[in-house]
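Quick notes on the structure that follows.
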Amino acid sequence: DAKTTQPPSMDCAEGRAANLPCNHSTISGNEYVYWYRQIHSQGPQYIIHGLKNNETNEMASLIITEDRKSSTLILPHATLRDTAVYYCIATRIRGSTLGRLYFGRGTQLTVWP
Amino acid sequence: ETGVTQTPRHLVMGMTNKKSLKCEQHLGHNAMYWYKQSAKKPLELMFVYSLEERVENNSVPSRFSPECPNSSHLFLHLHTLQPEDSALYLCASSQDTQGAGELFFGEGSRLTVL
């Protein structure tokens, strides 16, 4: 799986958009970009994933650059409950066990009032 | 509430004790996983079960013994653990082990070995 690079920490004011960047410059054509988050002392929670196109769901939007070397997770209106570690993962889906996602160190997002 | 329930949430045990962690999923999934998360370290995959058969064992010491009696339940039996085994143990499930699916995690069992 391609290596991903994320800033170790970010801050965001409550109610503002949180934009979390991820660099995956060595990503191959069959690798998806996944985002999970982990609130303190809980299990990780799936947020969103995509291959080429931008994706949106009820939790977040995922913007993938045209060359697929980087992506941004957007939480449109951050709340205090969004304070968590956010993991960006690049992984192929064929020939690879789903559970082998490498969570790395992620970005600690702190939302302040 | 993710549909994956782990018990107990907290466990303290001595090095000579035998205990078990339990995981139950109510999602109709076919794959279940055990992970270990030590302080300041990334998540480590321990075991993978697909349709009740163990399909992966990532060089985990034999003092950790998994059991999957059916597709909804997963156990991790613990015996003669070491203090360095203290960690958060997470269970997860997914529809299958392959494909662009998502993992559903439980809240974890916080284990302390004295």
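Chain A is the first sequence line, chain B the second, and so forth, proteins listed ahead of strands; every chain is numbered from 1.
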Practice item. Determine, stepwise, if the pair B:Phe105 / A:Tyr36 fulfils side chain to side chain contact (heavy atoms under 4.5 Å, CB included). Key: CA-CA 11 Å; B:Phe105 284 85; A:Tyr36 280 76; 4.2 Å; yes
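- Looking at B:Leu103, both its backbone and its side chain come within 4.5 Å of chain A, counting heavy atoms on both sides.
- Of residues 104-113 of chain A, those residues with a non-hydrogen atom less than 4.5 Å from any non-hydrogen atom of chain B are, in numerical order, A:Gly104, A:Arg105.
- If you chain together hydrophobic residues whose side chains sit under 4.5 Å apart, A:Ile47 and A:Ile39 never meet in one group.
- A:Ile48 and A:Tyr102 fall into different hydrophobic clusters, where Ile, Leu, Val, Met, Phe, Trp and Tyr residues are linked whenever their side-chain heavy atoms come under 4.5 Å apart, directly or through other members.
- Under a hydrophobic-cluster definition in which Ile, Leu, Val, Met, Phe, Trp and Tyr are linked whenever side-chain heavy atoms come within less than 4.5 Å, directly or via other members, B:Met32 and B:Leu21 are assigned to the same cluster.
- Annotation for B:Arg63: atom CZ counts as buried by contact number, over 12 foreign heavy atoms lying within 6.0 Å.
- Heavy-atom distances place the side chain of A:Leu101, and not its backbone, under 4.5 Å from chain B.
- Here the straight-line distance linking atom CD of B:Glu102 with atom CD of A:Gln45 works out to 9.0 Å at 0.5 Å rounding.
- Nearest heavy atom pair, residue B:Leu90 against residue A:Gln38, reads CD1-NE2, 4.2 Å.
- When heavy atoms are compared at a cutoff of 4.5 Å, B:Gln37 approaches chain A solely by way of its side chain, counted from C-beta outward.
- In the hydrophobic cluster analysis, where Ile, Leu, Val, Met, Phe, Trp and Tyr join through side-chain heavy atoms closer than 4.5 angstrom, A:Ile63 is grouped apart from A:Trp35.
- In this structure, no portion of B:Phe104 lies under 4.5 Å from any heavy atom of chain A.
- Your options are A:Ser41, A:Pro44, A:Gly43, and the one with the most heavy-atom pairs under 4.5 Å with chain B is A:Pro44.
- Applying the disulfide (SG to SG under 2.5 Å) rule to pairs touching residues 3-47 of chain B yields B:Cys23-B:Cys91, sequence neighbours excluded.
- Residues A:Leu75 and A:Tyr34 are members of separate hydrophobic clusters, defined by side-chain heavy-atom contacts under 4.5 angstrom among Ile, Leu, Val, Met, Phe, Trp and Tyr.
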